[in-house]
Amino acid sequence: MEKRSKRHHTPSPSDSDSAEETRAKDIKERDEFAKRLRKRDEEKVKKVSESSSKRSYEEAAKRLKLEAEDRDKILPKLRIQSRRKYLQKRKDDKVIELEDDIADDEYLFDESILTEREKREREHKKTLLQLAKEHEKARELENVQRYHMPQDLGKGEKGEYIEVDENEKLPNSEQRKWEQEQIKSAFFKFGAKDAKAQDEYELLLDEQIDFIQALQLEGNQEKKDEEKISEYQKARLTIEETKKSLPVFPFRDALIEAIRNYQILIVEGETGSGKTTQIPQYLHEAGFTDDGKKIGCTQPRRVAAMSVAARVAQEMNVKLGNEVGYSIRFEDCTSDRTVIKYMTDGTLHREFLSEPDLASYSVMIIDEAHERTLHTDILFGLVKDITRFRPDLKLLISSATLDAEKFSTFFDDAPIFRIPGRRFPVNIYYTKAPEADYIDACVVTVLQIHATQPLGDILVFLTGQEEIETCVEMLQERTKRIGKKLKELIILPVYANLPTDMQAKIFEPTPEGARKVVLATNIAETSLTIDNIIYVIDPGFAKQNNFNSKTGMESLMVVPISKASANQRAGRAGRVAAGKCFRLYTAWAYKHELEDNTVPEIQRINLGNAVLTLKALGINDLIHFDFLDPPPHETLVLALEQLYALGALNHHGELTKAGRRMAEFPTDPMLAKMLLASEKYKCSEEIVSIAAMLSVNSSVFYRPKDKIIHADTARKNFFHRHGDHLTIMNVYNQWADSDYSVQWCYENFIQYRSMKRARDVREQLVGLMERVEIDMVSSISDDTNIRKAITAGYFYHIAKFSKGGHYKTVKHNQTVMIHPNSALFEELPRWVIYHELVFTSKEFMRQVTEIESKWLLEVAPHYYKSKELEDSTNKKMPKTVGKSANNF
DNA sequence: AAGATTCCG
């Protein structure tokens, strides 16, 4: 608190008596509020368990599958099966809904195919030109000897590149030595064994890249045949036999014994060992649930929690949602009978608010701990603390390799239990020299593999949608040029924003005699697994989000991946047979330029909500909270400072009643404050819609390349003259008026998926508003009230149009700009409030709304003095008459 | 005049 800027009020000593009184009163009210919450929770648990124990298996399974349908990452096989089943079964509402969904999907899908084709033809010439240019560029950069950032490309100036250190050039440099040590076989040349193939391939391809084979990623499965048979047999194996065939099975008894003997155990097991599905069952069988307590297991992803729970329910032959269940946001599929509960890490984190001692659990398993999500990182500290006063609680931290030692140290030297995985060896190849243009290098490598390597699908890791699109175009162009001399190459993109049906294509089996290339973002690193990948191409980059707590600005940058990430990528080649991974960087770069591990999320993002939740859990000293890797000090200070300014903490750093209410919302504290403020301004209906729209990450407007003009005019039809918050409210309300129609979204260039999500979020928020005792009321005719409520939450995010002709933030006096997508881009009002600050090509404010400065004194008198809000010039700002001011 | 990586509550 002491770091607050001096221009803000500080309570003066003379106030202190009455201040003490109000503080005591507030804390009393807070505790009473908390008590009411607890009571409501108990009632809710009763209700839920009554209703869900009645629920039939079919119903539960259907719910799961419906959710799965909605998700993008489920195997199409499953989808087809489930669709068929539905059609044969009862034709209840759910089925009709599902059919509609499918029909809608196909409708959208057909359209996108058409436009794709159109686009391809139209841009054919353009692509050729681009290709030529890029080749030129690559040649120019040929001499560059350094692992570099990809955004350097395109700047086109040699001078921007740093040449290698002189040392590295020396004949006996460390690099050389090291590489020689590592190299097992000589140069790996494509098709070297087959002279004929080699000749043919030289004719086809005018470029090639030399690779060097270095280390091998150890596997423990030797022959493919063996696996093939077992794969075939697996289908006919009984569940019991399948369970026995898992690598974890032989360790069953030893594992149970270890858990009996130690309170905390680190389980190190590779994927495919069966640990996630089997260990909870072993513990259940061994009597860990006899006392009426549960076994909990957290997962970083929703799909994982659902599908693993479904699998375990099947193995145990029980109804999903009864003895085995799962709990994720928007959906709690558990009952009072549940003894094995899978959930997302975020769900458990929130659950702490209602059950801070995990009293209903006998064992808690934190799975996939190596992924180091924000939530698991916080759970580490919380759960470690609990084991101190609950000796009966067992704790398992489950992680894939490498990090186990670190976890062990953190958890007071807990023993490490190792379980082997099931994986085939992967040979790793590095480039001999660094590649100047890794997109081009990817294309060349794909073709090299295609021309010379035995059949098997290829997975290429790129950083984003745009890169993937250009790479797809390049590959299409070059394969066309090569013609029929090579076998068919099926080129498929995958990234999160790709429509569901396009995503599903990557799961379709590759036709006989053809080869599939999947161009993916790091979505393919963990979130989805593609069968039959034999070759992986890894340029070594990914996009990463970073939060700068000094400026409060987020940025998305391309950075080199970590060694851990590189190995995860390589591992994707060894799932069905021995594979090969081609790294488009040198062995030297891998060894010396890549970090061991990716910086954990907790050190890279805004911690506002996390800090509030911890405060609500009664953890007052956050600076000394037991973090595995502590977040930057400034990030914590900023979060605390903001919470104080928002009134969530009092000047003693204690949680206030407002803070306790805010903690109920799974959102950024400022957004939570805005929701609370809607009570005073009688516009909770509108604010809840705005909040829901703000939390779907700006992917509401759809903007296909070939219909940019249509999309932009469609977007402008929603514009509100006072700004973006009211614009997105317009979108939501009109969509609701259309009865949540898919067709409406399509016509208005709105992403249906985002809207659906906004609707889910909105429903949840409405429930939470009731929980924090706020009535839902509407004030649609008065946008001033709505804007005041927004201001009450976001008074930290104010910018003022200055004399220099640009905006400056009030807090940091930092020059920022209105994002070109904003409704106010051409308006330039004097005072604006913004939702977020993002650094891309410039410092942009995203989601901007006009306000009046006097409101700041009304909503945040403790934070603003009238003096600093005075306009330095008395002249009115000349306003551009926006052609786009199209109000409702 | 910009441009979406990925999860999670």
Side-chain angles (χ1 to χ4, degrees), chain A residues 71-73 298-305 327-332 343-353 368 371-379 461-470 494-498 520-528 541-546 554-559 561 565 568 598 600-602 604-605 608-610 612-613 663-668 671-672 691-692 695-705 708 711-712 715 751 753-754 757 760-761 764-765 767-768 817-822 825-826 838-846:
Chain A
R71 299 287 315 178
D72 318 321
K73 293 123 194 170
T298 71
Q299 293 292 319
R301 278 168 293 277
R302 294 162 56 92
V303 222
S327 183
I328 56 182
R329 189 185 189 182
F330 308 132
E331 199 184 347
D332 182 3
M343 61 196 128
T344 47
D345 48 12
T347 308
L348 181 62
H349 186 193
R350 300 239 88 198
E351 247 184 38
F352 263 89
L353 280 176
E368 313 285 354
E371 287 195 27
R372 303 292 308 273
T373 69
L374 168 69
H375 296 296
T376 28
D377 262 26
I378 289 170
L379 287 174
F461 285 99
L462 295 166
T463 67
Q465 177 177 351
E466 205 185 330
E467 255 179 41
I468 290 174
E469 279 167 1
T470 59
V494 193
Y495 43 86
N497 246 345
L498 193 73
T521 58
N522 44 12
I523 193 174
E525 213 175 286
T526 49
S527 301
L528 53 84
F541 294 102
K543 280 192 182 169
Q544 201 178 61
N545 196 359
N546 272 296
E554 281 179 16
S555 56
L556 194 62
M557 289 184 311
V558 175
V559 296
I561 59 171
S565 196
Q568 172 72 23
T598 312
E601 199 178 24
I602 198 167
R604 295 194 330 251
I605 62 166
N609 182 257
L612 179 59
T613 318
E664 284 301 303
F665 294 99
T667 63
D668 186 272
L671 199 84
S695 42
V696 305
N697 42 359
S698 57
S699 50
V700 169
F701 297 103
Y702 176 56
R703 211 160 171 260
K705 259 188 192 169
I708 282 178
D712 284 354
R715 190 163 51 87
Q751 303 243 25
R753 253 200 287 178
S754 304
R757 194 180 148 73
D760 283 339
V761 174
Q764 189 194 26
L765 291 179
L768 291 171
M817 292 178 69
I818 294 183
H819 197 277
N821 281 350
S822 169
F825 182 63
E826 295 171 324
V838 206
F839 181 81
T840 46
S841 57
K842 284 176 187 137
E843 288 89 351
F844 286 115
M845 299 181 277
R846 269 204 205 140

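Numbers restart at 1 for each chain; the letters A, B, ... are given by sequence-line order, proteins then strands.
Under 4.0 angstrom from either OP1 or OP2 of B:dT6 there lies no side-chain N or O belonging to A:S527. In this structure, A:T344 reaches the B:dG9 phosphate: one of its side-chain N or O atoms is under 4.0 Å from OP1 or OP2. One finds a side-chain N or O of A:K842 lying less than 4.0 angstrom from the OP1 or OP2 phosphate oxygen of B:dA2. Using a 4.0 Å cut-off, no side-chain N or O of A:T373 falls inside it from OP1 or OP2 of B:dC7. Proximity of A:R846 to the phosphate of B:dA2: no side-chain N or O atom is located under 4.0 Å from OP1 or OP2.
Looking at the side chain of A:N609, the nearest of the listed nucleotides B:dG9, B:dA2, B:dA4 is B:dG9. Distance from the side chain of A:T347 is smallest for B:dG9 among the nucleotides B:dT5, B:dG9, B:dA1.
Note that OG1 of A:T344 and CZ of A:R329 are 10.0 Å apart. Values are rounded to the nearest 0.5 Å.
In this view, A:R757 satisfies the salt bridge (charged side-chain N to carboxylate O under 4.0 Å, His left out) rule with no residue, not counting sequence neighbours.
With salt bridges taken as basic N to acidic carboxylate O contacts below 4.0 Å, none links A:R846 and A:E554.
Nearest heavy-atom pair across A:A496 and A:R753 is O-NH1, 3.3 Å.
Nearer to the 5' terminus of DNA chain B, by closest-nucleotide assignment, is the contact made by A:G464 (compared with the other of A:D668 and A:G464). Mapping A:N821 and A:R301 onto DNA chain B by nearest heavy atom places A:N821 at the nucleotide closer to the 5' end.
Nucleic acid contact for A:T526: none, since no nucleic acid atom lies under 4.0 Å from a heavy atom of the residue. A:F844 comes within 4.0 angstrom of the backbone, heavy atoms only, and of no base. In this structure, A:N545 reaches the bases: a heavy-atom distance under 4.0 Å links it to at least one base atom across the strands shown.
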